[in-house]
Amino acid sequence: MSSSTSCSGDVGLAPCRGCALCLEWGEERCPIRDNAPAVEEKMHNADGVIFATPVYGLAVTGLMKTFIDRFSYIFHRPRFFDKRALLLTTTGLLGEKDVLRYLDTVAGIWGFDVVSRVGIVTNPVTIPERQARRNDRRLDEAARSFFQALVEGRERRPGLRNVIIFHGQRAWFIELADHARYWSISSNISPGIPSTHAKSAKTRSPYTSPNRNPSRSSRLRVRWRSASRPAR
């Protein structure tokens, strides 16, 4: 199993300008030309993603917020249904629970299956031995759970909260031009590509990475859409 690391301060993500072009017309219309597409591609190519940030001012760092803001279109068009996530945060004293809740909401709406989350206390001066042992134990447990989820590769069934959010997104966003292509999913969908956006096997959808498993992601998206339908 291989891994790679991307630090928000090193990949060169520029702050979002709030123009909303990515929301209404698609991320390819974003006027910012930076490494955001390459970062998203790395997430698509991975089986799992670890989201890690220290606590700054009882919240995520500015760099992590820039990262989340630059991919805000994924809140409107989630796409990581076949990916696992581990959430990690560190703090000197307080705030790790709030940060983990926030990251859990972000990753969940983006489609990730959050299998592990851990916040550890790391005093900037000295860490008591008892706290250090507790940190090591919690990190080990989270890492083992994350690794096991990657090895098993099981498809999850969405919870009620996920289904409610998913249907709310679809009802709210389908009126926008670019969103209609994404949310119009039928049983005759081409693998990984919204039905009205499918053209040919050689055409790359802006929602589909060429190296990911599109059929699985599509299948999970359809499952999310149908999970709360009453039995006939």
Side-chain angles (χ1 to χ4, degrees), residues 1-8 11 39-56 58-61 63-65 67-68 71 74-75 78-123 127-166 209 211-221 223-224 227:
M1 181 175 292
S2 61
S3 64
S4 64
T5 303
S6 294
C7 298
S8 297
V11 297
V39 173
E40 183 181 346
E41 190 76 8
K42 289 186 69 173
M43 291 193 287
H44 282 306
N45 292 338
D47 295 311
V49 177
I50 300 174
F51 295 94
T53 177
V55 175
Y56 278 17
L58 302 179
V60 298
T61 65
L63 289 172
M64 175 59 80
K65 191 60 171 68
F67 166 80
I68 294 171
F71 297 107
I74 304 178
F75 288 106
R79 59 198 62 185
F80 294 107
F81 299 102
D82 58 342
K83 309 298 181 186
R84 307 295 186 265
L86 185 157
L87 311 179
L88 170 63
T89 186
T90 63
T91 182
L93 185 61
L94 300 171
E96 77 278 9
K97 293 181 180 179
D98 291 334
V99 166
L100 286 174
R101 276 194 294 266
Y102 172 64
L103 291 177
D104 187 78
T105 299
V106 171
I109 294 178
W110 284 8
F112 284 96
D113 179 11
V114 178
V115 297
S116 299
R117 42 183 285 176
V118 57
I120 61 175
V121 177
T122 56
N123 190 292
I127 303 177
E129 184 177 344
R130 182 179 178 182
Q131 183 63 54
R133 289 198 301 268
R134 183 185 181 193
N135 289 344
D136 290 341
R137 184 180 68 254
R138 297 183 68 184
L139 284 171
D140 183 70
E141 292 172 353
R144 288 178 182 274
S145 297
F146 184 58
F147 178 78
Q148 189 65 32
L150 295 179
V151 171
E152 293 178 352
R154 295 179 182 176
E155 296 181 0
R156 60 167 174 158
R157 286 190 60 84
L160 178 60
R161 175 174 175 267
N162 301 121
V163 173
I164 291 174
I165 291 175
F166 187 83
S209 167
N211 298 318
R212 59 193 286 208
N213 184 343
S215 59
R216 184 181 181 197
S217 182
S218 171
R219 187 164 64 251
L220 289 172
R221 193 160 64 233
R223 177 183 290 179
W224 276 43

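Starting from 1, each residue takes its place in the sequence as its number.
Around atom OH of Tyr102, more than 12 heavy atoms belonging to other residues, nucleotides or ligands sit under 6.0 Å away.
Counting only heavy atoms from C-beta outward, the side chains of Arg79 and Ile74 approach each other to under 4.5 Å. A 4.5 Å side-chain heavy-atom check between Pro78 and Ile109 finds every atom pair outside the cut-off.
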Atom pairs and distances, donor-acceptor, side-chain atoms in residues 142-152, under 3.5 Å, two or more places apart:
from: Arg144; atom 1: NE; to: Asp140; atom 2: OD1; distance (Å): 3.4
from: Arg144; atom 1: NE; to: Asp140; atom 2: OD2; distance (Å): 2.8
from: Ser145; atom 1: OG; to: Glu141; atom 2: O; distance (Å): 3.1
from: Gln148; atom 1: NE2; to: Glu152; atom 2: OE2; distance (Å): 2.9

Run the side-chain donor-acceptor check on residues 85-96: report pairs under 3.5 Å with partners two or more places apart or on a different chain.
from: Thr89; atom 1: OG1; to: Thr53; atom 2: O; distance (Å): 2.7
from: Thr91; atom 1: OG1; to: Leu93; atom 2: N; distance (Å): 3.2
from: Thr91; atom 1: OG1; to: Leu94; atom 2: N; distance (Å): 3.3
from: Thr91; atom 1: OG1; to: Leu94; atom 2: O; distance (Å): 2.5

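Atom CE of residue Met64 and atom CZ of residue Phe51 lie 7.5 Å apart, to the nearest 0.5 angstrom. The distance from the CG atom of Asp136 to the CD atom of Gln131 is 10.0 Å, given to the nearest 0.5 Å. In this structure, OG1 on Thr105 lies 9.0 Å from CZ on Phe75, to the nearest 0.5 angstrom. Taking CD1 from Ile68 and CH2 from Trp110, the interatomic distance works out to 6.0 Å, rounded to the nearest 0.5 Å.
The two atoms that bring Phe112 and Arg84 nearest to each other are CD2-O, 3.8 Å, heavy atoms only. Of all non-hydrogen atoms in Val118 and Ile120, the two that sit nearest each other are CG2-CG2, 3.9 Å.
With hydrogens and angles ignored, the 3.5 Å screen pairs a side-chain donor or acceptor of Asn135 with a backbone N or O of Val121. Listed for the Lys83 side chain is a donor-acceptor partner under 3.5 Å among the backbone atoms of Ala46.
Checked against side-chain hydrogen bond (donor to acceptor under 3.5 Å, both in side chains), Asp98 has the following partners two or more places apart in sequence or in another chain: Arg101.
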Worked verdict on Phe67 versus Val60 for side-chain contact (heavy atoms from CB on, under 4.5 Å): CA-CA 11 Å; Phe67 166 80; Val60 298; over 6 Å; no
